[in-house]
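Some notes on the structure that comes next.
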Amino acid sequence: MSRPDDRTTPPPAARRPVRRVIREVIDPDPMHPALIPGIGVESTGRTFRTRRTVLGIAGALTVAVILWAIISPDSISTVGAASLDWVTESFGWLFTVLTILVAGFMLVVGYGRTGGVRLGADDEKPEFSRVSWIAMLFSAGIGIGLLFYGPMEPLTFFLTPPHGFDVEPGSVDAMQTALAQTLLHWGPMAWAYYALVGGAIAYASYRRGRAPLISSIFDSVFSQRTQGVFGPVIDIFAIVVTLFGTAVSLGIGALQIASGTEMVTGIGELGNGFLIGAIAVLTALFIISAVSGVKRGIRILSNVNMVVAGLLGLFVLVAGPTLLLADLIPAAAVTYFSELGTMLMRNNANGADTQEFMQAWTTYYWAWWVSWTPFVGMFIAKISRGRTLREFVTVVVVVPSIVSLLWFGIVGGTSMWLESQGGGISEAGSPEAMLFTMLDQLPLGTITSIVALLSIVIFFVTSADSASIVMGSMSQQGRPEPTRGVTIFWGLMLGLIAASLLLAGGQDSLSGLQAIMVVTALPFAFVVLAIMWAWAKDLRADPYMLRHRYARAAIAEGVRAGIAEHGDDFVFSASQSDPEHGAGSWLDTEDPTLTDWYTDATTGSIPVQPEADEQATRDQGHDEKADA
């Protein structure tokens with residue numbers, strides 16, 4: 001007979017969920033958590049379907065803003081400017097603190113103990129060559145901004161040095177501080193944002209087997225809730241920010257193409273007809289590139305544009321004040337580090353002029369990079385598979401920062417030098433005309449302007465096609481290669497919104513929408529904070545990190561035991577030890593959080609029904625009665 005307490009308290013096997021019981025039958029000897037190799041999302045058997053709710057709501061919001069821009073262009077500019085003022089005045093400190101935290105976090109992730117963690121399985125190799133990888137980083141990350149802001153931003157800080165710089169406006173010292181300030185906006189701080197989101201998505205997708213979505217980063221924190229309401233909300237928000245943020249940049253690119261065409265051809269001011277025609281042609285080109293995929297269209301165009309932009313920069317270096325630039329660029333790098341504290345401590349309390357500067361530049365940039373992290377981060381994740389975190393951080397943060405220093409040093413340094421020589425670059429008439437005004441004052445001005453136009457066009461196409469792919473992926477639960485129909489849909493929406501904004505009011509409407517997109521960065525700043533927390537939680541339990549801790553514990557115990565038993569003469573060998581002194585005494589290998597993610601990914605999801613658990617309990621009780 002069974003004892004009464006045996007009948008009232010089911011044994012452990014009966015209390016375990018059915019899913020866990022089935023797995024124990026299938027795999028009675030589960031893999032040790034420190035030996036899990038990692039798994040990519042495509043190996044999990046996951047299906048990617050179009051989320052009609054995500055697609056529908058994001059599409060409706062897009063159409064609503066297009067109608068707003070057409071019906072009331074003045075209103076969108078006014079609302080955007082007022083919202084931007086409120087965000088920068090009230091939360092400027094938050095963006096500065098967040099920027100410092102993100103940069104510090106990525107330094108630790110890349111060059112700390114986690115540096116050897118691979119964005120993929122342990123034995124996975126990178127999908128793209130390092131050259132193609134770097135080229136695609138620039139196409140998605142800063143693209144048109146290099147050509148638009150290259151001559152303009154350093155020149156602005158050269159003529160009006162920001163608060164805290166004790167330099168004479170228009171002096172050589174002002175050149176150095178101007179480049180240092182520009183590098184603050186376009187250098188490591190900006191790329192650290194992209195590296196954070198891109199690295200977290202790549203890690204979740206290619207090592208943990210989750211869908212390549214921002215919402216998937218939080219699976220270990222919020223579990224199934226990220227697959228319910230929470231996940232789609234984040235994905236809708238990310239699509240909207242990506243769409244309008246990219247559209248603003250494409251609008252700026254279209255205006256710069258028009259300005260360059262006017263200067264090259266000598267034609268008078270080109271109207272809206274030219275802008276709309278240009279956008280229509282470019283939209284067709286980037287849709288074709290997007291449909292061809294990352295491996296073909298985007299990779300080829302990115303490689304071509306890296307050569308074109310590189311040759312243009314090299315020409316400006318040789319044709320411009322070469323010796324001055326050779327001295328200026330390394331000096332600006334030193335100035336950047338020496339003045340980093342001054343630039344980061346600058347805030348609204350320093351006076352009205354500083355508040356205006358922060359709103360127009362530094363805080364604006366921080367918010368802008370935050371709002372672009374969904375798009376650029378997801379694209380970087382797609383092209384960075386197979387890299388270790390150390391290589392990832394080095395290439396995504398350090399290499400682009402060096403290239404940005406060289407580009408702004410060459411193009412911005414030349415524009416500042418020409419201005420000091422009476423070149424009148426600041427009188428070009430508009431920011432988008434400054435690049436062509438600068439090139440026109442160097443030899444072969446017409447040819448180099450055509451090359452610059454070509455580079456802008458390619459940047460336009462590569463930025464738009466990568467954005468279309470990312471938005472398509474977010475609409476289809478993270479599908480690595482979205483279907484053509486969804487990709488084409490978002491490509492058309494991207495072209496339509498850029499065209500409607502230009503028709504509605506040109507640059508004024510673009511600046512108003514850009515301000516609204518910066519405002520959306522405020523709630524997303526808290527998402528970025530949460531990403532650091534969730535990713536750190538995953539990394540602490542990564543198999544590589546577990547093995548690393550095993551190695552440290554084993555070495556410590558081995559050295560102690562070797563000295564005690566053999567004095568100076570001993571070597572290491574693995575042998576059985578008592579549990580208290582074993583290398584893994586610190587780890588509970590039965591903890592389901594260490595292995596369930598891999599079991600879920602490799603065996604597929606096994607539905608757990610409440611009645612199934614009840615049936616298991618009844619079956620166990622029946623067995624006990626039979627035994628009795």
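The first residue of the sequence shown is numbered 1, and numbering continues consecutively from there.
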One should read off an interatomic distance between Lys382 NZ and Ser205 OG, to the nearest 0.5 angstrom, of 8.5 Å

Taking every heavy atom of Met189 against every heavy atom of Ala103, the minimum-distance pair comes out as SD-CB, 3.8 Å

For residues 99-113, the side-chain hydrogen bond (donor to acceptor under 3.5 Å, both in side chains) pairs (sequence neighbours left out) are Thr99-Tyr193, Tyr111-Thr394

Taken to the nearest 0.5 Å, the spacing of Phe165 CZ from Gln176 CD works out to 11.0 Å

Q) Is there side-chain contact between Asp538 and Arg210, with heavy atoms separated by less than 4.5 Å? A) yes

ring-ring contact (aromatic ring centres under 6.0 Å, His included) pairs touching residues 327-349, sequence neighbours excluded, are none

Q) With a 4.5 Å heavy-atom cut-off, do Ile239 and Leu61 have their side chains touching? A) no

Applied to residues 233-259, the salt bridge (charged side-chain N to carboxylate O under 4.0 Å, His left out) test, sequence neighbours excluded, yields Arg51-Asp235

d(Leu312 CG, Leu317 CG) to nearest 0.5 Å is 11.5 Å

For the residue pair Phe286 and Leu494, establish whether any side-chain heavy-atom pair is separated by less than 4.5 Å.
yes

Using modelled atom types only, decide if a donor and an acceptor are shared between the side chain of Ser338 and the backbone of Val334 within a distance under 3.5 Å. yes

State, without any angle test, whether Glu89 and Asn348 hold a side-chain donor-acceptor pair at a distance under 3.5 Å.
no

Nearest heavy-atom approach of Phe218 to Ala534 is CD2-CB, 3.9 Å

Subject >> Val457 side chain near Ile257 side chain, heavy-atom distance below 4.5 Å >> reply: yes

For Pro188 and Ser401, the nearest pair of non-hydrogen atoms, with its separation, is N-OG, 3.0 Å

Between the side chains of Arg346 and Gln355, is a donor N or O closer than 3.5 angstrom to an acceptor N or O?
-> no

Are Trp186 and Tyr149 side-chain neighbours, meaning at least one heavy-atom pair lies under 4.5 Å?
yes

Hey, what's the ring geometry for His185 with Phe157, parallel, tilted or perpendicular (30° and 60° as the breaks)?
perpendicular

With heavy-atom distances below 4.5 Å as the criterion, would you say the side chains of Thr182 and Pro154 are in contact? yes

Just by distance, no angles: are the side chains of Thr342 and Glu339 close enough, under 3.5 Å, to form a donor-acceptor pair? yes

Exercise. Taking the side chain from Ser415 and the backbone from Pro151, do they hold a donor-acceptor pair closer than 3.5 Å?
Worked result: yes

The complete set of salt bridge (charged side-chain N to carboxylate O under 4.0 Å, His left out) pairs with one or both residues in residues 93-107, sequence neighbours excluded, reads none

Closer than 3.5 angstrom, by distance alone: can the side chain of Thr335 be matched with the main-chain N or O of Ala331 as a donor-acceptor pair?
yes

Separation between CE (Met378) and OG1 (Thr373), nearest 0.5 Å, reads 11.5 Å

Those residues at least two apart in sequence (or on a different chain) that pass ring-ring contact (aromatic ring centres under 6.0 Å, His included) with Phe237 are Phe524

query: Can you check whether Trp407 reaches Val316 side chain to side chain, under 4.5 Å on heavy atoms?
result: no

Q.
Apply side-chain contact (heavy atoms from CB on, under 4.5 Å) to residues Leu183 and Phe408 and explain how you reach the verdict.
A. CA-CA 8 Å; Leu183 188 61; Phe408 283 102; over 6 Å; no

Smallest heavy-atom separation, Ile410 atom then Gly313 atom, equals CG2-O, 3.5 Å

Centroid-centroid distance, Trp372 to Phe375, less than 6.0 Å: yes

Taking every heavy atom of Thr242 against every heavy atom of Ala238, the minimum-distance pair comes out as OG1-O, 2.8 Å

Exercise. Do Trp191 and Tyr194 have ring centres separated by under 6.0 Å?
Worked result: yes

d(Leu435 CG, Asp440 CG) to nearest 0.5 Å is 11.0 Å

- [ ] Assess whether side-chain contact (heavy atoms from CB on, under 4.5 Å) is satisfied between Thr177 and Asp173, documenting all intermediate values.
- [x] CA-CA 6 Å; Thr177 57; Asp173 290 338; 5.7 Å; no

Item to complete: Indicate yes or no for a side-chain donor-acceptor contact from Asp327 to the backbone of Leu324 under 3.5 Å, with no hydrogens or angles considered.
Response: no

- Can you check whether Val102 reaches Leu98 side chain to side chain, under 4.5 Å on heavy atoms? yes

Open item on the list: Please check this pair: side chain of Gln256 against backbone of Ala433, looking for a donor-acceptor N/O pair closer than 3.5 Å.
Closed with: no

**Report entry** Within 6.0 Å of CD in Glu356, more than 12 heavy atoms from elsewhere
**Finding:** no

Taking it one step at a time, do Ile134 and Val399 satisfy side-chain contact (heavy atoms from CB on, under 4.5 Å)?
CA-CA 8 Å; Ile134 294 173; Val399 173; 4.0 Å; yes

### Task
Check whether the side chains of Ser475 and Trp490 place a donor and an acceptor atom closer than 3.5 Å, and report yes or no.
yes

- So, Trp361 and Glu153: side-chain donor and acceptor under 3.5 Å apart, yes or no? no

ask   = Just by distance, do the side chain of Ser371 and the backbone of Trp368 share a donor-acceptor pair under 3.5 Å?
value = yes

Yes or no on side-chain contact (heavy atoms from CB on, under 4.5 Å) for Thr114 and Arg540, after CA distance, side-chain angles and deciding distance? CA-CA 9 Å; Thr114 56; Arg540 280 196 298 270; over 6 Å; no

How are the rings of Trp86 and Phe91 set relative to one another: parallel (under 30°), tilted (30 to 60°) or perpendicular (over 60°)? perpendicular

Closest non-hydrogen atoms of Phe148 and Pro431, given as atom of the first, atom of the second and distance, are CZ-CB, 3.7 Å

Residues 389-408 vs salt bridge (charged side-chain N to carboxylate O under 4.0 Å, His left out), sequence neighbours excluded, gives Arg130-Glu391, Arg387-Glu391

*asked:* Under a 3.5 Å threshold, yes or no: a donor from one side chain and an acceptor from the other, between Glu432 and Ser259?
replied: no

Between the OG1 atom in Thr62 and the CD1 atom in Ile497, the distance rounded to the nearest 0.5 Å is 6.0 Å

